[in-house]
Number of protein chains: 2
Amino acid sequence: MSDSRQGTEKAAAPQRKDVRRNKQILLDAAAAVFVTSGVEAPVRDIAARAGVGIGTIYRHFPTRADLIVAVFRHQVETCVEAGPALLASCPTAYDALERWIDLFVDFLVTKHGLAAALQHDNAGFETLHAHFIDHLVPVCTQLLDAATAAGEIRSGIGGLQLMRGVGNLCVGAENDPSYDPRALVTLLVAGLRQPHRSGSESGAADGEP
Amino acid sequence: MSDSRQGTEKAAAPQRKDVRRNKQILLDAAAAVFVTSGVEAPVRDIAARAGVGIGTIYRHFPTRADLIVAVFRHQVETCVEAGPALLASCPTAYDALERWIDLFVDFLVTKHGLAAALQHDNAGFETLHAHFIDHLVPVCTQLLDAATAAGEIRSGIGGLQLMRGVGNLCVGAENDPSYDPRALVTLLVAGLRQPHRSGSESGAADGEP
DNA sequence: GGCGAAACGGAACCCGGTTCCATAAGTCGT
DNA sequence: ACGACTTATGGAACCGGGTTCCGTTTCGCC
């Protein structure tokens, strides 16, 4: 099953070079089609764009989700690496978290339909889901933990939970300019904040008359 | 546009009584199937359950979304009516908003796949979308406005925006017990709170106490 | 150059929404 | 009560879109 599951990114060399070539052609074609038609583009379109048969796609990527994962693997990596970097470079852990989430939102909203694809439990999309979860959640958790440890946010929400929330909020952003996922994500993250000691500079809000 | 705009629920009297009867049978069957198989259940299943042909469904409900709307119309109404009631009975507008949102979340999470269906812009689901938007958004906006006027929340987010956010957060709740949309929605709504001017919230002061 | 293995292409299949139309059933005038 | 007309019904057929299958082609190695 997992010919692509090598520990390093270097998969074992495929014996035939047309295989390697085709795989690359496919990845390029898929990336191109994803940009123009979104992640939900028909497999046939990608095959056509790549100039290969449908069977070839399925040989390389057992399901569309695998193809999506492959195409975006690099960017997921980037996002993963950004976590610790932000933690090191930001004044507060909360800051780092905020910016990392922003990065993630950027990633999602710039790929048409990616967020939507992520929540399709149906189909064979568990691969996609799993890949994102596996790689991104630990980073998110780390940031969350750091902010919690610093007393900057309320605890009680896990990295997975937060990621899913953010991912969900990003669904449908591209088809509707009036929908601004970033604003909502900002709200969500703001909700995480723990007013240090709820000292209640409260002003107007929380006091019940 | 106008078909949904009837003052009363009474549509013009259907001439033939089998029509009325079948429509009701269909609604019942659909409701039953939705409960067991979720909102995304195949139209054929609903037809089978109702003991009618597929054509009959489409005669009554041009698209699946219309059927969904019809089935849930009553509960949407209930939600709509709850808005002003909460506003009247809650100590603060923010409280009312919080509880209304909670009601809405309840509604969404108890209907398998409804939230997901709501965001499918594809297909003929704009009817569904539109119905929810038309009826629920004004209520939400009202609550939001009241809370804003009372200086209890930051302004800058619209009713539509908030509803979409909440709806999105509720997607996928039913297939995954580890996902708790309510917690995230709570966070989101908490983020709405405006701590007058603590932290980096610079300037503006549109709160005017 | 020839041979076996691996890859390829794309027709075929499955599934689900939607359309269409011949047929059945209801309604109404007489 | 009956026939003509109107409207509703059932379900086969159609349209994508994902996925599978297999005869054919190509590759790599002797």
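Convention: sequence-line order gives letters A, B, ...; per-chain numbering from 1. It should be emphasised that the depicted structure is a prediction, and the values quoted were computed from it without experimental measurement.
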>> So B:Arg64, base contact, sugar-phosphate only, or nothing? Heavy-atom distance under 4.0 Å.
In response: sugar-phosphate

> In whole Å, what is the span from the CZ atom of A:Arg44 to the C1' atom of D:dC15?
Replying inline: 11 Å

> Taking only side-chain nitrogens and oxygens of A:Thr56, does any of them come within less than 4.0 Å of OP1 or OP2 of C:dG9?
Replying inline: yes

> Which nucleotide, C:dG9, C:dC13, D:dT9, lies nearest any side-chain atom of B:His60?
Replying inline: D:dT9

> Is A:Arg64 close to A:Glu40 at the side-chain level, that is, under 4.5 Å between some pair of heavy atoms?
Replying inline: yes

> To the nearest Å, how far apart are A:Asp45 CG and D:dG17 P?
Replying inline: 7 Å

> Are the side chains of A:Tyr179 and B:Asn168 in touch, meaning some heavy atoms are under 4.5 Å apart?
Replying inline: yes

>> Rounded to whole Å, how long is the line connecting atom CG of B:Asn22 with atom C1' of D:dT9?
In response: 8 Å

> What is the distance, rounded to the nearest whole Å, between atom NZ of A:Lys17 and atom C1' of C:dC8?
Replying inline: 17 Å

>> It should be established whether A:Thr63 places a side-chain nitrogen or oxygen under 4.0 Å from OP1 or OP2 of nucleotide D:dG18.
In response: no

> Does A:Val19 reach the side chain of A:His60, with side-chain heavy atoms less than 4.5 Å apart?
Replying inline: yes

> Side-chain N or O of B:Arg16 less than 4.0 angstrom from OP1 or OP2 on D:dT7?
Replying inline: no

>> Using whole Å, what does the distance between atom C1' of nucleotide C:dA7 and atom CD1 of A:Ile25 come to?
In response: 13 Å

